[in-house]
Amino acid sequence: MKLDGTKFQIKVWKEIAKIPYGETRTYKQLAEAIGYPKSYRAVANACSANPYAPHIPCHRVIRSDGTLGGYSAKGGIDKKRRLLKQEMS
DNA sequence: CACATGACCTAAC
DNA sequence: TGTTAGGCCATGT
C-alpha cells in the first residue's frame with residue numbers, strides 16, 4: 001500500500017498500523033517509537049491528517065491521561081469511542 | 001520567511 | 001477535580 005504524505009507522517013502512520021487489535025497507544029509513545037520523542041504534538045497532527053482512516057487505526061491512539069482526545073474522521077469522537085469499546089470487548 | 005493551527009503534555013492555581 | 005498558562009512540533013497559508 002502507498003501512503004501519501006510527508007516523511008514524518010508516513011513514519012507515524014506506519015507505526016500506528018503496528019498497533020495490535022484491541023490495544024491502545026498514547027501520542028507520546030508513538031512519537032518515541034518513531035524516533036521523535038518530542039514531536040508528540042506533530043504526531044497528533046499527523047493523525048488528524050490521516051486520510052486512510054479507519055484503515056489506519058488512528059482511533060487506537062489516545063492521550064497520556066487515558067482520555068480519547070479527539071477524532072476528526074467521520075463519526076467524530078463518538079465513533080472512536082465505539083470502535084475501541086468494540087475492539088476491547 | 002513569519003504567522004497561525006491543532007486529535008498534546010506538564011505544572012500550577 | 002476543573003481550568004489556565006507556557007512550551008513543543010510538523011504543516012499549511
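Lettering follows sequence order; numbering is per chain, from 1. Atoms considered below: every heavy atom in the structure, side chains included; atoms not considered: hydrogens, waters and symmetry mates.
B:dT10 atom P lies 14 Å from atom OH of A:Y27, rounded to whole Å. The separation between A:K28 atom NZ and C:dG7 atom C1' is 13 Å, rounded to whole Å. One can place OH of A:Y71 at 17 Å from C1' of B:dG6, the figure rounded to the nearest angstrom. Atom pair A:R60:CZ and B:dA7:P shows a separation of 21 Å (rounding to whole Å applied). B:dG6 atom P lies 16 Å from atom CD1 of A:I77, rounded to whole Å. Between A:Q29 atom CD and B:dC8 atom C1' the separation is 14 Å, expressed in whole Å. Separating the CD atom of A:Q9 from the C1' atom of B:dA7 is a distance of 14 Å, rounded to the nearest angstrom. Look at CG on A:L30: it is 11 Å from P on B:dC9, rounded to the nearest Å.
The closest donor-acceptor contact from the side chain of A:K28 to the backbone of A:S64 lies at 3.5 Å or more, if one exists at all. Judged by distance alone, with hydrogens and angles left aside, the side-chain atoms of A:R25 form no donor-acceptor pair with the main-chain N or O of A:I19 at under 3.5 Å. Without hydrogens or angle criteria, A:N50 side chain to A:Y52 main chain gives a donor-acceptor distance under 3.5 Å.
Each of A:V43 and A:Y40 has a nearest nucleotide on DNA chain C; the 5'-most of these lies closest to A:Y40.
Among the protein residues, A:F8 comes within range of the sugar-phosphate backbone only, with heavy atoms under 4.0 Å from sugar or phosphate atoms but none that close to a base. Looking at heavy-atom distances under 4.0 Å, A:S39 makes contact with sugar-phosphate atoms alone, never a base. Residue-level contact check: A:S72 touches the bases, meaning some heavy atom is under 4.0 Å from a base atom.
When side chains are defined from C-beta on, A:R81 counts as touching A:L68, because their heavy atoms get closer than 4.5 Å.
The nucleotide whose nearest atom lies closest to any side-chain atom of A:N45 is, among C:dC8, B:dG6, B:dA7, B:dG6. Comparing atom distances between the A:R41 side chain and each of C:dA10, B:dG6, B:dA7 picks out B:dG6 as nearest. Among B:dC9, B:dA7, C:dC9, the nucleotide with an atom closest to any side-chain atom of A:D65 is B:dC9. Nearest to the side-chain atoms of A:R63 among the listed nucleotides B:dC9, C:dC9, B:dG6 stands B:dC9.
Phosphate proximity of B:dC9 to A:K38: absent, as no side-chain N or O sits under 4.0 Å from OP1 or OP2. One finds a side-chain N or O of A:S64 lying less than 4.0 angstrom from the OP1 or OP2 phosphate oxygen of B:dC9.
Environment of CG in A:D4: sparse, with no more than 12 heavy atoms of neighbouring residues, nucleotides or ligands closer than 6.0 Å.
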